[in-house]
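Quick one: structure below, then a few questions.
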Amino acid sequence: MIRRADVDFRRGLSVLTGETGAGKSMIIDSINLLMGNRVSREMIRSGEERATVSAVFEELSERTLAALEELGFFCEDGALILQRSVSRDGRSQTKLNGQTIPVAMQKQITPLLISVHGQMDSHKLLCKGTHLELLDAYARPNELLAAYGEAYQAYRETKARSETFSRDEAEKLRLQEMYRFQLADIDSHKLKAGEEEALCRERDRLLNLERINRQAELAYRYLCGGEKGDAVALIRRAQSAIRSLEGIVEGANELAERLAEAESEVVDVAERVLSFTDDNREDPTARIDRIEGRLEKISRLKRKYGNSIDEILAFRKKIASELDELELSDERRAELELQCAEYRRRAEEIAATLREARMQASERVVAAVTEALGFLDMPKVRFEVRFTPCELNETGADDVEFLIATNPGEPVQPLAKIASGGELSRMMLALRSVLDDRDGATTVIFDEIDTGVSGKTSRKIGLKLHETAERAQVLCVTHSAQIASLADVHYLITKGEKAGRAETEVRELTFEERVEEVARILGGIEVTAAQRDAAREMISEYRK
């Protein structure tokens with residue numbers, strides 16, 4: 001529906017409101033497109049071949065600038081331009097400060113700039129698998145995670161190699177017999193690197209031997225093998241004639257010397273051309289037959305072991321090594337088991353340190369989230385982070401789950417069992433208000449964070465959003481008058497008709513227009529004077 005929209009989002013809390021179907025989702029889709037997410041081609045306006053979204057980010061934080069520099073992007077003026085276009089045929093292109101970048105890099109960069117939270121993010125809280133990720137986003141145990149990742153990978157690789165030596169005896173015997181056969185088959189042909197190419201060149205020479213002999217002998221006669229009129233004889237005559245001018249014409253001697261050098265060069269060429277001829281008395285046909293036979297044997301080996309002699313020899317080296325390991329499997333297995341135990345011990349040590357860091361961070365998260373939830377009209381809530389040891393995996397040895405009790409006297413339980421839609425929205429906002437202090441995104445976007453709440457609670461959500469806006473630019477798509485009235489800047493999304501087609505527009509509202517829009521959200525079919533008065537009071541109350 002959007003043909004073109006230019007919006008200058010400013011500091012603080014900006015809200016976007018509008019009638020259902022006006023195009024608020026298109027704004028979020030555009031931001032998701034900018035972040036490198038996959039979007040439907042249906043978002044491209046009918047009749048257009050492509051859609052383009054551009055964003056200019058200014059006053060980037062030192063943390064963001066440092067992270068961008070690590071990725072190879074330097075913003076001298078502290079600003080950055082990000083643009084992505086998607087065409088109807090599905091192709092897309094992303095540019096950062098005019099330089100085309102891959103989507104993978106785009107997905108690394110955009111989280112430094114934009115953090116989007118919608119209804120789907122709230123529902124992700126119900127998935128226990130995301131809880132450890134959220135905790136690590138706060139704890140930032142990056143060095144520990146990197147060290148653990150190295151130790152765990154070494155443990156996994158060594159364990160896999162050790163297990164290959166634990167095959168049953170029959171399997172080992174079968175492999176040994178197969179490797180020995182393959183080695184004998186390859187070794188019996190005594191292959192040499194570059195042999196096939198040399199054989200092909202020799203075969204081609206023999207197939208053209210008669211022509212080579214004829215042309216080489218003819219060239220030799222022309223150069224120096226003729227009785228009177230060959231090139232060497234003519235050069236000698238010219239040289240003698242020029243030498244006779246020595247002392248009469250300046251430079252004659254130098255020219256004569258050059259002809260002497262030319263004579264030597266021609267003689268050398270003639271002798272090399274004559275070497276092209278074949279003085280071997282053996283029948284060329286017999287020699288071609290031997291070459292073809294050798295090439296056929298090489299071709300047979302290529303069908304079994306590789307596409308070239310180099311690949312066959314590399315395959316031979318590989319199976320010889322594997323055969324050695326099988327024949328020494330008991331000794332090698334014992335060595336690998338010791339290595340595996342050492343790598344596991346190292347991984348477990350780092351995992352234990354990682355757990356301690358996470359538990360310390362979880363205490364701070366619980367305190368901060370509980371405080372935020374209390375402000376958001378959940379004063380009796382109990383929020384806990386439960387750690388359960390588990391087998392070593394890619395992230396450590398911790399199974400982390402967020403637990404909550406919303407009523408006094410009730411035991412804490414998983415979020416999925418007791419959290420309502422409104423409670424989930426507040427949980428997400430509380431978590432984000434804590435985590436956004438850590439992730440440092442320039443712009444934080446909340447899409448209908450007020451789902452499932454109303455009245456005083458909505459107002460407090462708005463205040464929490466305003467608090468977050470002190471640290472980052474905050475955009476909020478909302479249907480709540482309580483939140484909309486707290487905005488520093490209010491944008492209205494409307495859908496109209498131009499030239500017979502629907503078109504969505506985004507514009508900033510004046511104070512009186514804000515009053516009208518907040519009253520519309522408060523009211524029903526017709527906006528009353530009382531609703532306008534209430535809207536004006538809500539907006540003015542916070543300004544005071």
Side-chain angles (χ1 to χ4, degrees), residues 171-239 258-328:
E171 174 67 6
K172 286 198 293 185
L173 291 174
R174 185 189 69 79
L175 286 173
Q176 286 176 320
E177 184 178 348
M178 180 181 71
Y179 291 157
R180 290 191 187 105
F181 172 81
Q182 291 173 333
L183 286 171
D185 189 22
I186 294 171
D187 291 345
S188 67
H189 291 83
K190 299 180 180 179
L191 297 176
K192 297 179 181 178
E195 178 184 2
E196 186 177 18
E197 293 79 4
L199 288 172
C200 289
R201 288 194 298 271
E202 177 64 9
R203 179 189 60 189
D204 293 341
R205 191 186 73 82
L206 292 172
L207 289 172
N208 293 279
L209 188 58
E210 182 179 348
R211 179 184 176 189
I212 292 170
N213 288 342
R214 182 174 66 253
Q215 296 300 326
E217 290 172 356
L218 182 62
Y220 180 77
R221 283 203 309 274
Y222 288 154
L223 293 172
C224 67
E227 295 181 358
K228 296 181 179 180
D230 58 52
V232 171
L234 294 174
I235 290 173
R236 285 174 180 169
R237 290 179 188 177
Q239 181 183 359
R258 288 173 63 184
L259 282 175
E261 293 175 1
E263 176 188 347
S264 176
E265 185 71 16
V266 170
V267 171
D268 182 65
V269 170
E271 290 176 351
R272 293 190 63 183
V273 167
L274 188 61
S275 70
F276 292 169
T277 60
D278 189 15
D279 58 359
N280 194 324
R281 296 183 178 180
E282 182 182 0
D283 181 7
T285 303
R287 291 162 64 189
I288 290 173
D289 288 343
R290 285 205 310 276
I291 290 173
E292 292 287 5
R294 179 64 173 171
L295 288 173
E296 174 56 32
K297 291 177 181 178
I298 293 173
S299 179
R300 183 181 63 81
L301 289 178
K302 285 165 62 177
R303 288 194 294 270
K304 293 194 292 185
Y305 306 121
N307 294 320
S308 66
I309 288 179
D310 287 344
E311 289 188 16
I312 295 171
L313 294 176
F315 176 78
R316 186 212 178 279
K317 182 179 180 180
K318 176 176 176 289
I319 61 174
S321 174
E322 291 184 3
L323 180 60
D324 287 343
E325 287 195 344
L326 283 173
E327 290 175 341
L328 298 173

Under the rule for side-chain contact (heavy atoms from CB on, under 4.5 Å), what residues qualify as partners of S264, not counting sequence neighbours?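 Residues passing side-chain contact (heavy atoms from CB on, under 4.5 Å) with S264: none at all.
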Spatial distance of atom CD (E265) from atom CG (L223) [nearest 0.5 Å]: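 Spacing of CD (E265) from CG (L223) equals 11.0 Å.
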Look up atom CG in D185 and atom OH in Y305, then write down how far apart they are to the nearest 0.5 Å.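 One finds 3.5 Å between CG of D185 and OH of Y305.
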So, R180 and E177, do they make that salt bridge, N to O below 4.0 Å?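 Salt bridge: no.
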Minimum heavy-atom distance between E196 and I309, given as atom pair plus value: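 In terms of heavy atoms, the two residues are closest at N-CD1, 3.6 Å.
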Might you confirm whether atom NZ of K297 has over 12 heavy atoms from other residues, nucleotides or ligands at distances under 6.0 Å?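 No, not enclosed.
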Measure the CZ-CG distance between F315 and D310 for me, rounded to the nearest 0.5 Å.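 Nearest 0.5 Å value for the CZ-CG distance: 15.5 Å.
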A side-chain contact here means heavy atoms from C-beta on lying under 4.5 Å apart; do C224 and V266 qualify?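 Counting from C-beta outward, C224 and V266 never come under 4.5 Å.
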Which atom names give the shortest non-hydrogen contact between E322 and Y179, and what distance separates them?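 Looking at all heavy atoms of both residues, the shortest contact is OE1-OH, 2.6 Å.
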Return all side-chain donor-acceptor pairs below 3.5 angstrom for residues 211-218, not counting sequence neighbours, or 'none' if the list is empty.
unit_1	atom_1	unit_2	atom_2	d
N213	OD1	D278	N	3.1

Should the pair E197-R201 be classified as a salt bridge under the 4.0 Å nitrogen-to-oxygen rule?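 No, no charged N to carboxylate O under 4.0 Å.
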Would you check if R221 and D230 make a side-chain contact, meaning some heavy-atom pair closer than 4.5 Å?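 Not touching, per the 4.5 Å side-chain cut-off.
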To the nearest 0.5 Å, tell me how far C200 SG sits from E292 CD.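 CD of E292 is found 8.5 Å from SG of C200.
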Can you find a pair of side-chain heavy atoms, one from E195 and one from H189, that are under 4.5 Å apart?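 Counting from C-beta outward, E195 and H189 never come under 4.5 Å.
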Atom CZ of R272 with >12 non-hydrogen neighbours under 6.0 angstrom: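 No - once you tally the heavy atoms of other residues, nucleotides and ligands closer than 6.0 Å, there are 12 at most.
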Contact between I312 and K302 at the side-chain level, heavy atoms closer than 4.5 Å - yes or no?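 Answer yes - side chains close enough.
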Rounded distance (nearest 0.5 Å) linking atom CG of L234 with atom OH of Y222: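 The OH atom of Y222 is 13.0 Å from CG of L234, to the nearest 0.5 Å.
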Hey, does L175 have a side-chain heavy atom less than 4.5 Å from the side chain of M178?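 The answer is yes, as the side chains (C-beta and beyond) meet within the 4.5 Å cut-off.
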Please tell me if the side chains of R316 and L191 come closer than 4.5 Å, counting only heavy atoms from C-beta onward.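 Answer no - side chains too far apart.
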Once you round to the nearest 0.5 Å, how far does CD of E202 lie from CG of D204?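 Reported to 0.5 Å precision, the distance equals 9.5 Å.
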So that I can tick it off, tell me whether R303 and E296 are bridged by a salt bridge, with the cut-off set at under 4.0 angstrom between side-chain N and carboxylate O.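 Counted as a salt bridge, because a side-chain N and a carboxylate O are separated by less than 4.0 Å.
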